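Below is one structure, written out as structure tokens, with a few remarks after it.
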Amino acid sequence: MLFDIRRFSIHDGPGIRTAVFFKGCPLACRWCHNPEGRTHGPELIFRPGRCILCDDCLDVCPNQAVNRQGDEIRIDRSACKVSGNCAVACPAEALEVVGRRMTAEQVLDAIERDRTFYEQSGGGVTFTGGEPLAQSDLLRELLSACRVQGIATTVDTCGYASWSVFEGIRPFVDLFLYDLKLMGESRHVQWTGVSNAGILSNLRQLAALGHAVRVRIPIIPGVNDDEQNMRQTGEFLAGLSQVPEVELLPYHNIAGGKYAGLGMEYELDHIVPPNRERINGLAAMLSSYGLQVKV
């Protein structure tokens, strides 16, 4: 179950890449900028700004989940079974089903179309999400096939999986992009819904085995940008057997429209993205632990 395949990506690993977005994630980060990747099944997204009020969607829903009230189309999420009929009928593409099942062969075909870009730029494919490790059998099959084809592989992960899952894929992964959000376990549970004990343990083991790892830290004002958390992060990373590169990802709020389109509440719409001075200060703090930090 995927929700996107994005070609010509330049922010998901070295070179020009094809980013394959797996649908479903065990975390529920309140700042998630891909909310359409959180649940494992297909979802209906509605973009009112595109709606032309043609009413073509009203009669095709088998569950009467699409209704019109005045000059507005309303979606009854409790009744919607995501048949997709409304999206097919919508001429303005205001309705869209996000999430589709694909075979490994179909995904590989999409990846191989961009081989020329990989070869010229030192790029490859990045498996991201959602959380790709949540569909570990498919991920391993794709990684193994890419290794046979000589395509460089990157896995972008939150690290929340059993070590046995990592053992099954790591021989086929050239680079891990590893999210690190909060060091304190109770705060990690508060903001993501899960413990970080396994996440930290898996990162330690990857480092001990000498894997190429780039740690990515989303900077969320008021959540994880305090000095205590950042210093704990610096100490932890500096103490690994192999010290990874670090990327700081400043929070942005452009995903708010996605939440609205999915009928979800966006809890952090009040947060102001950090300015350059603040981010540079945090980068300097982490650099003081001997870390190579990039914004």
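These figures come from a predicted structure and were not determined experimentally. Quick note: numbers below take in every heavy atom, side chains included, and nothing from hydrogens, waters or symmetry partners.
At least one donor-acceptor pair closer than 3.5 Å links the side chain of Asn224 to the backbone N or O of Lys181. Between the Ser201 side chain and the Ala197 main chain, no donor and acceptor come within less than 3.5 Å of each other. Remark: the backbone N or O of Leu182 is paired with a side-chain donor or acceptor of Asn196 at under 3.5 angstrom. With Ser121 contributing its side chain and Ile16 its backbone, the two residues share a donor-acceptor pair below 3.5 Å. No side-chain donor-acceptor contact under 3.5 Å links Arg50 to the backbone of Ile52. Within the 3.5 Å criterion, the main-chain N or O of Met285 finds a donor-acceptor partner in the side chain of Ser288. Although no hydrogens or angles enter the test, the distance criterion places no donor-acceptor pair under 3.5 Å between the side chain of Asn85 and the main chain of Cys61. Looking only at distances, no side-chain donor or acceptor of Arg30 sits under 3.5 Å from a matching main-chain atom of Glu267. Remark: the backbone N or O of Cys158 is paired with a side-chain donor or acceptor of Glu131 at under 3.5 angstrom. A donor-acceptor pair is defined here as one N or O able to donate and one able to accept, closer than 3.5 Å; such a pair exists between the side chain of Lys23 and the backbone of Thr39.
Closest of all the heavy-atom pairs between Ile5 and Ala110 is CD1-CB, 4.1 Å. When all heavy atoms of Met230 and Leu286 are compared, the closest pair comes out as O-CD2, 3.4 Å. Closest approach of Pro273 and His252 over heavy atoms only: CG-CA, 4.3 Å. The minimum heavy-atom distance between Arg68 and Gly70, with the atom names listed, is NE-O, 2.8 Å. Nearest heavy atoms, Pro91 versus Asp56: CD-OD2, 3.9 Å. Residue Leu268 comes nearest to Tyr251 through the heavy atom pair O-OH, 3.0 Å, listed as atom of the first residue, atom of the second, then distance.
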request  = For the pair Ile271 and Asn253, evaluate side-chain contact (heavy atoms from CB on, under 4.5 Å) and give the outcome as yes or no after the intermediate values.
outcome  = CA-CA 8 Å; Ile271 291 184; Asn253 54 16; over 6 Å; no
key: Audit row: Arg214, Glu247, salt bridge (Lys or Arg N to Asp or Glu O under 4.0 Å) steps and yes/no   = CA-CA 7 Å; Arg214 185 178 299 170; Glu247 287 186 351; 3.4 Å; yes
query = Can Arg47 and Glu93 be said to form a salt bridge (Lys or Arg N to Asp or Glu O under 4.0 Å), step by step?
reply = CA-CA 8 Å; Arg47 301 179 178 90; Glu93 298 184 349; over 6 Å; no
task = Just do the side-chain contact (heavy atoms from CB on, under 4.5 Å) check on Thr192 and Trp31 with the steps written out, would you?
result = CA-CA 9 Å; Thr192 73; Trp31 58 83; 4.0 Å; yes
ask   = Could you go step by step and tell me if Tyr118 and Thr18 meet the side-chain hydrogen bond (donor to acceptor under 3.5 Å, both in side chains) rule?
value = CA-CA 9 Å; Tyr118 309 151; Thr18 298; 2.6 Å; yes
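A heavy-atom distance below 4.5 Å is not found between the side chains of Ile73 and Pro48. Val189 is not listed as a side-chain neighbour of Val194, based on a closest heavy-atom distance of 4.5 Å or more. Considering only heavy atoms from C-beta on, Leu133 stays 4.5 Å or farther from Tyr160 through its side chain. Side-chain atoms of Tyr259 and Cys32, non-hydrogen and from C-beta on, do get closer than 4.5 Å to each other. Within the 4.5 Å cutoff, the side chain of Asn229 has no heavy atoms near those of the Asp225 side chain. The side-chain heavy atoms of Arg204 and Leu240, taken from C-beta on, include a pair separated by under 4.5 Å. Side-chain contact between Leu108 and Cys146: present, with at least one pair of heavy atoms (C-beta onward) separated by less than 4.5 Å. A 4.5 Å side-chain heavy-atom check between Phe176 and Thr154 finds every atom pair outside the cut-off.
Remark: Asp76 does not engage Arg74 in a salt bridge, criterion side-chain N to carboxylate O under 4.0 Å. A salt bridge is absent between Arg187 and Glu185: the closest approach of a Lys/Arg side-chain nitrogen to an acidic carboxylate oxygen does not fall below 4.0 angstrom. A salt bridge links Lys258 and Glu36; the closest N-O separation between the charged side-chain nitrogens and carboxylate oxygens is under 4.0 Å. Taking the charged nitrogens against the carboxylate oxygens, Asp12 and Arg17 have no contact shorter than 4.0 Å, which rules out a salt bridge.
In the hydrophobic clustering of ILVMFWY residues, with side-chain heavy atoms under 4.5 Å counting as a link, Ile199 and Trp191 come out apart. When hydrophobic clusters are built by joining Ile, Leu, Val, Met, Phe, Trp and Tyr residues whose side-chain heavy atoms come closer than 4.5 Å, directly or via intermediates, Leu237 is grouped together with Ile279. Phe172 and Leu209 fall within a single hydrophobic cluster, where Ile, Leu, Val, Met, Phe, Trp and Tyr are joined by side-chain heavy atoms under 4.5 Å apart, directly or via other members.
One finds the CG atom of Leu262 at 5.0 Å from the CD atom of Glu43 (value rounded to the nearest 0.5 Å). Distance check, rounded to the nearest 0.5 Å: CD of Glu277 to CG of Leu282 gives 11.0 Å.
More than 12 heavy atoms of other residues, nucleotides or ligands shown are found within 6.0 angstrom of CG on Leu58.
Side chains of Asp156 and Thr126: no donor on one and acceptor on the other come within 3.5 Å.
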